[in-house]
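What follows is a short report on a single structure.
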Amino acid sequence: MAGETVITVVGNLTADPELRYTQNGLPVANFTIASTPRTFDRQANEWKDGEALFLRASVWRDFAEHVAGSLTKGMRVVATGRLRQRSYQDREGQNRTAIELEVDEIGPSLRYATAQVTRAASSGGGGGNYGGGQQSRPQVPQEEPWASPGSAAPDAWSAPGSYGDDTPF
């Protein structure tokens, strides 16, 4: 949507994602990402942490269940999404404003870790969380060459000695 503020945040989860269900049975996972800038202090010859940004984030539908089942406290993640601002009154009647990240994509950072990815079974529900309506998903072939090594035809790029000037596609 035009005019939305899209950002990418790299940081660590402060707790396990909290999976809940709305009254209509819609899954939502909420979590906080802590992003702390680091700078090198040449005077002291050491790295120093800046002030941490704690950003509340949420994901919906199947995405929420995937996040809750995959990510845990302390994991370094890369998340991109849209900033949302909401206003409310606290218990004392004071007006407050909260800025939260509605996550479009999130995954573990592979800078200091490795990950094993498995494809989630499709529930046939809606696609992304744009607009909140049901969207159809494209049909996925049963056997995907990238999903399991060796399941596809021989790859011209990986066969030793078969390099040429022409690309194999």
Side-chain angles (χ1 to χ4, degrees), residues 1-37 51-152 169:
M1 188 180 278
E4 290 186 311
T5 305
V6 178
I7 66 166
T8 299
V9 178
V10 179
N12 296 78
L13 296 184
T14 62
D16 289 345
E18 183 180 344
L19 181 64
R20 293 185 179 204
Y21 294 87
T22 66
Q23 291 178 354
N24 296 335
L26 195 65
V28 59
N30 296 298
F31 50 94
T32 301
I33 302 171
S35 181
T36 307
E51 192 169 335
L53 166 71
F54 293 90
L55 187 59
R56 289 291 298 163
S58 62
V59 293
W60 294 84
R61 299 181 177 77
D62 290 348
F63 192 11
E65 293 174 334
H66 298 167
V67 166
S70 302
L71 303 176
T72 58
K73 176 182 178 176
M75 278 188 164
R76 184 174 174 87
V77 297
V78 179
T80 185
R82 295 161 284 137
L83 284 181
R84 295 283 188 232
Q85 177 177 309
R86 64 180 175 87
S87 299
Y88 63 97
Q89 280 192 347
D90 64 14
R91 291 186 177 119
E92 291 80 37
Q94 299 291 321
N95 290 331
R96 302 285 184 187
T97 300
I99 296 177
E100 299 167 341
L101 181 66
E102 191 171 315
V103 176
D104 292 324
E105 299 287 339
I106 188 169
S109 169
L110 301 181
R111 175 170 273 191
Y112 306 113
T114 61
Q116 180 64 42
V117 178
T118 55
R119 186 172 190 87
S122 174
S123 67
N129 53 5
Y130 293 103
Q134 294 287 342
Q135 299 175 0
S136 62
R137 289 188 176 165
Q139 291 296 323
V140 178
Q142 291 292 48
E143 190 171 320
E144 298 176 15
W146 58 267
S148 56
S151 66
F169 46 85

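Hydrogens, waters and symmetry mates are skipped; everything else that's a heavy atom, side chains included, is used. Source: prediction; values computed, not measured.
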With [X] via side chain to side chain donor-acceptor pair (under 3.5 Å) - residues at least two apart:
X     : value
Thr14 : none
Arg84 : Glu4, Glu102
Thr8  : Thr80
Arg86 : Glu100

Do any side-chain atoms of residues 22-31 form donor-acceptor pairs under 3.5 angstrom with protein atoms, and if so which ones, sequence neighbours left out?
{"from": "Thr22", "atom 1": "OG1", "to": "Asn24", "atom 2": "N", "distance (Å)": "3.4"}
{"from": "Thr22", "atom 1": "OG1", "to": "Leu26", "atom 2": "N", "distance (Å)": "3.1"}

How many angstroms lie between atom [atom1] of [X] and atom [atom2] of [Y], to the nearest 0.5 angstrom?
X      : Y     : atom1 : atom2 : result
Leu101 : Ile7  : CG    : CD1   : 5.5 Å
Arg61  : His66 : CZ    : NE2   : 13.0 Å
Ile33  : Leu13 : CD1   : CG    : 6.0 Å
Arg76  : Ser35 : CZ    : OG    : 8.0 Å

Short side-chain to backbone donor-acceptor contact, Asn12 and Gly74, under 3.5 Å: yes

Non-hydrogen atoms of Phe63 and Val103 that approach each other most closely: CE2-O, 3.6 Å

Shortest non-hydrogen contact from Leu71 toward Pro17: O-CD, 3.2 Å

Those residues that, when tested against Gln89, pass side-chain contact (heavy atoms from CB on, under 4.5 Å) (two or more places apart): Asn95

